[in-house]
Amino acid sequence: MIRKLLVANRGEIARRVFATCRALGVETVAVHSDADADAPFVAEADQAVRLPGNTPAETYLRIDLLLGAARKAGADAVHPGYGFLAENAEFAAAVTDAGLTWVGPPAKAIAAMGDKMAAKALLADAGVPMLPTWTDNYQVTDFPVLVKASAGGGGRGMRTVRDAAGLAEAVASARREAAAAFGDGTVFIERYVERGRHIEVQIFGDTHGTVVALGERDCSIQRRHQKIVEEAPAVLDPELRQRLHAAAVAAGRAVDYVGAGTVEFLLAPTGEFFFLEMNTRLQVEHPVTEAVTGLDLVRLQLLVAEGQPLPSAAAPPADGHAIEVRLCAEDPGQDFRPATGTLHRFAVPGVVGAFAPTKGLRLDSGVVDGSVVGVHYDSMLAKVIAWAPTRAEAARALAGALARAEFHGVTTNRDLLVRVLRSREFAAVEMDTGFLERHDEVFAPLLPADQLPLAALAAGLASATGRRAEATVLAGLPSGWRNVPAFSQVTRYAGPTGEEIEVRYRLDRTGGLAEWSVTPLAGEVATAGDAGTDGAAESPTVTLVEASPDRVVLEVDGVRRVFRVHRAGSAVFVDGPDGAASLAELPRFPLPTAELAAGSLLAPLPGAVTRVHVEVGQRVAAGELLLTLEAMKLEHPVLAPTDGVVAELPVPAGGQVETGAVLAVIDNSSSARLTPRRDLEPSNPEEAPQ
């Protein structure tokens with residue numbers, strides 16, 4: 001039996017495995033990079049071993065360091081988690097050769113499915129339906145297509161290409177991203193199915209020859225080919241479900257599969273389905289399967305690794321419905337650009353369990369209050385899962401919990417997730433992998449623009465109350481008190497999108513709100529009113545009911561609204577009934593700052609410049625690719641905001657930058673100096689157009 005388990009992974013993945021180990025009485029060992037030294041998963045392990053460095057290549061992808069950590073801690077088994085080396089046959093073989101128990105499929109099965117082209121050929125012989133696939137650019141004649149990484153999944157190294165002109169660059173970019181994520185830049189090209197649904201089947205095998213299907217999941221809501229909403233069971237015709245399960249089991253038996261695995265299919269609008277890939281590991285979205293089956297899939301992994309047979313050859317029928325969302329540190333309105341920073345508060349209301357099968361609301365999180373979100377790893381912060389008797393109830397409960405949650409300090413995709421779950425199309429199961437591309441409305445913030453003034457007013461009232469509570473001089477006076485009551489309290493904020501706004505309010509001698517206004521610093525009054533009167537025709541009548549440093553109650557047109565206010569330094573976070581707002585209180589006397597050159601393009605987050613596509617003096621058009629920035633394991637294109645001439649390129653390829661660093665300067669003046677354009681030779685001959 002397994003006595004001490006090392007988890008060769010990090011974040012919520014490690015915490016998930018540790019939770020089951022604690023329930024089974026198995027000791028746990030964490031490995032961690034320097035960046036993760038203070039992470040929650042390290043504190044939760046019985047023992048922890050440092051892997052010197054920060055990047056995955058320096059730490060979590062080093063087989064030698066991981067095996068050394070297992071020996072140092074006295075572990076007798078290794079669980080790879082999901083991601084990093086979870087689907088690396090060399091790692092599986094090395095663990096086994098070291099005399100340790102490998103909690104995963106045999107290296108032979110991983111290798112068979114890891115070479116996705118070979119896997120397609122193998123499973124086609126087993127009768128599993130396949131899409132047309134190519135390995136070279138010149139072979140492709142039918143568009144659109146999808147460029148995919150051969151060695152991994154999770155959307156890394158994946159590009160949609162709709163015409164031949166963009167194929168060569170898409171292949172080159174996919175190779176770079178795949179090499180960075182998996183250590184293997186091999187890619188292939190597959191026909192792209194429009195309006196397809198992504199359906200995957202959870203399979204499990206044991207060492208006694210049993211392979212079963214434990215239900216399926218619909219993972220069609222995706223961004224950048226990465227899943228963000230998953231559910232079980234999928235809404236399918238029973239006969240189609242049976243055929244999908246049979247195909248998945250056939251795929252598992254073709255490679256003598258052992259352990260947890262997922263067979264992924266693309267379901268076309270015609271009802272046809274095609275094999276996409278087989279993930280030889282536990283999936284990120286496995287909690288929805290656990291919720292509807294009641295099975296602990298990590299427990300089953302450990303039992304199978306010990307040589308025990310699966311408890312039953314028949315999968316339990318699905319009980320109710322479960323939906324999971326991936327909460328990520330990213331800005332959906334900026335092409336899902338990853339976000340960094342400190343999580344000052346991370347709270348989801350109504351959670352009844354974590355890291356184990358749960359009826360109700362479950363939270364599997366890699367972060368807590370105070371966690372620092374850096375650039376070295378994936379942007380996912382947590383998974384929030386809701387189980388209910390019906391799909392509609394699960395969606396409503398999950399959307400409500402997310403809307404009431406407090407995520408302070410780092411931009412997240414929370415508002416997008418809520419709008420998707422509440423959309424008519426999601427309720428009607430009118431969804432596919434291109435859902436987000438067709439529904440711009442789900443990208444709108446939950447907080448309507450006309451409600452921001454009330455949030456700003458609440459922030460101002462709470463901040464003033466907080467300062468009065470901390471006062472040591474004339475501490476008995478009420479907040480906002482003035483000897484001359486005609487004078488207003490004034491606070492200025494930077495709004496959610498950087499806009500500057502001014503909050504003015506005046507309290508009467510009883511502490512009530514006499515009048516208030518919220519004004520753009522360079523514009524007309526946005527909202528203003530007199531408490532107890534009609535005020536401006538378009539403005540609400542607002543009465544102050546209660547104000548404390550962390551809670552403000554306003555009566556707006558006769559309806560009471562509660563605003564929760566949290567301050568962290570100059571940052572002020574307001575959570576109200578209509579949505580959340582992040583504000584930054586501006587100093588009354590700001591210090592002078594260096595003036596940037598006109599046309600400067602700044603780094604949106606720390607990262608590395610991987611390629612520079614232009615040169616100084618070159619004329620560029622608006623939207624043209626200038627350079628590529630890599631951060632959080634993804635490539636981010638930096639585009640010209642306007643027509644002009646490249647005046648400066650201060651960071652060469654390979655250079656590291658911090659947030660706010662100048663990446664390029666575009667001069668769009670009539671006096672811009674232009675040098676004759678010459679074609680840039682590709683740094684790698686394989687990246688030349690074919």
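Lys383 places no side-chain N or O within 3.5 Å of a backbone atom of Glu285 that could act as its donor or acceptor partner. Although no hydrogens or angles enter the test, the distance criterion places no donor-acceptor pair under 3.5 Å between the side chain of Asn279 and the main chain of Arg281. In terms of modelled atom types and a separation under 3.5 Å, the side chain of Trp102 and the main chain of Pro105 share a donor-acceptor contact. Although no hydrogens or angles enter the test, the distance criterion places a donor-acceptor pair under 3.5 Å between the side chain of Asp115 and the main chain of Ala118. For Glu624 (side chain) and Ala621 (main-chain N/O), a donor-acceptor pair under 3.5 Å exists by modelled atom type. Arg326 places no side-chain N or O within 3.5 Å of a backbone atom of Met380 that could act as its donor or acceptor partner. At least one donor-acceptor pair closer than 3.5 Å links the side chain of Asp206 to the backbone N or O of Thr210. Judged purely by atom type and a 3.5 angstrom limit, Glu437 has no side-chain atom pairing as donor or acceptor with the backbone of Gly434. In this structure, the side chain of Thr133 engages the main chain of Leu131 through a donor-acceptor pair within 3.5 Å. Side chain of Arg224 to backbone of Met158: no donor-acceptor contact under 3.5 angstrom is found.
We find the OG1-CD distance between Thr340 and Glu330 to be 13.0 Å, quoted to the nearest 0.5 Å. The line from CG of Leu327 to CG of Leu402 is 7.0 Å long, rounded to the nearest 0.5 Å. For the atom pair Leu146 CG and Ile189 CD1, the distance stands at 10.0 Å (nearest 0.5 Å). Interatomic distance, Asn413 CG to Phe336 CZ, rounded to the nearest 0.5 Å: 7.5 Å. The CG atom of Leu66 lies 8.5 Å from the CG atom of Leu61; values are rounded to the nearest 0.5 Å. The structure places CG of Asp256 at 6.5 Å from NZ of Lys108, a figure rounded to the nearest 0.5 Å.
Residues Asp643 and Ala622 share a closest heavy-atom pair of OD1-N, 2.7 Å. In this structure, Val187 and Val171 approach most closely via the heavy-atom pair CG2-CG1, 3.9 Å. Counting all heavy atoms, side chain and backbone alike, Gly185 lies closest to Arg175 at O-CG, 3.2 Å. In terms of heavy atoms, Gly271 sits closest to Leu240 at O-CD1, 4.0 Å. Considering every non-hydrogen atom in both Phe188 and Ala149, the closest pair reads CE2-O, 3.9 Å. Minimum interatomic distance between His439 and Phe435 (heavy atoms only, all atoms of both residues): CD2-O, 3.1 Å.
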key: Thr186 vs Lys116, side chain to side chain contact (heavy atoms under 4.5 Å, CB included): CA-CA, chis, key distance, verdict   = CA-CA 10 Å; Thr186 306; Lys116 289 185 169 54; over 6 Å; no

task = List the steps, then state whether side chain to side chain contact (heavy atoms under 4.5 Å, CB included) holds for Val638 with Leu601.
result = CA-CA 8 Å; Val638 177; Leu601 294 175; 4.2 Å; yes

ask   = Do Val384 and Leu417 pass the side chain to side chain contact (heavy atoms under 4.5 Å, CB included) test, and can you show the C-alpha distance, the side-chain angles, and the key distance before you say yes or no?
value = CA-CA 11 Å; Val384 189; Leu417 296 172; over 6 Å; no

message = Run Arg16 and His286 through side chain to side chain donor-acceptor pair (under 3.5 Å) and show every step you take.
response = CA-CA 11 Å; Arg16 167 67 190 94; His286 76 273; 3.1 Å; yes

message = Show, in sequence, the C-alpha distance, side-chain angles and deciding distance for Arg438 and Asp432, and conclude whether the salt bridge (Lys or Arg N to Asp or Glu O under 4.0 Å) test is met.
response = CA-CA 10 Å; Arg438 297 193 309 277; Asp432 56 70; 2.8 Å; yes

ask   = Which is it for Arg162 and Tyr192 under the side chain to side chain contact (heavy atoms under 4.5 Å, CB included) test, yes or no, and what are the steps along the way?
value = CA-CA 9 Å; Arg162 298 195 172 275; Tyr192 180 72; 3.8 Å; yes

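Ionic pairing of Glu239 and Arg243 is present here: one or more N-O contacts between side-chain nitrogen and carboxylate oxygen are shorter than 4.0 angstrom. Comment: Glu190 engages Lys120 in a salt bridge, judged by a side-chain N to carboxylate O separation of less than 4.0 angstrom. Salt-bridge formation is detected for the pair Arg424/Glu430: a Lys NZ or Arg NE/NH1/NH2 atom is positioned less than 4.0 Å from an Asp or Glu carboxylate oxygen. In this structure, Lys227 pairs ionically with Glu264, as a charged nitrogen and a carboxylate oxygen lie closer than 4.0 Å. With salt bridges taken as basic N to acidic carboxylate O contacts below 4.0 Å, none links Arg337 and Asp335. Contact check on Glu169 versus Arg176 returns a salt bridge, with a Lys/Arg side-chain nitrogen under 4.0 Å from an Asp/Glu carboxylate oxygen.
With Thr289 as the partner, the side chain to side chain donor-acceptor pair (under 3.5 Å) test is satisfied by one option alone out of Arg217, Glu216, Gln202: Arg217. For the side chain to side chain contact (heavy atoms under 4.5 Å, CB included) test with Asn88, the passing option among Ile110, Ile63, Asp184 is Ile63; the others fail.
A 4.5 Å side-chain heavy-atom check between Leu266 and Phe275 finds every atom pair outside the cut-off. Considering only heavy atoms from C-beta on, His225 comes within 4.5 Å of Thr160 through its side chain. In this structure, Leu276 and Phe265 have side chains that are not in contact, with every pair of non-hydrogen atoms separated by 4.5 Å or more. Between Val288 and Ile323, every side-chain heavy-atom pair lies at or beyond the 4.5 Å cut-off. The shortest side-chain heavy-atom distance between Val442 and Val418 does not fall under the 4.5 Å cut-off. Here the side chains of Thr628 and Pro637 are not in contact, with every heavy-atom distance at 4.5 Å or above. The shortest side-chain heavy-atom distance between Thr262 and Val201 does not fall under the 4.5 Å cut-off. Side-chain contact between Gln301 and Leu282 is present, with heavy atoms from C-beta onward closer than 4.5 Å.
His376 and Thr59 share no donor-acceptor pair across their side chains, judged by distance under 3.5 Å alone. Between the side chains of Arg197 and Thr433, no donor N or O sits under 3.5 Å from an acceptor N or O.
Heavy-atom neighbours of Glu425 CD from other residues, nucleotides or ligands within 6.0 Å: above the threshold of 12.
By the 6.0 Å and 45° rule, Arg391 stacks over the aromatic ring of Phe426. A cation-pi arrangement is found for Arg10 relative to Tyr377, the charged atom lying closer than 6.0 Å to the ring centre and inside a 45° cone about the ring normal.
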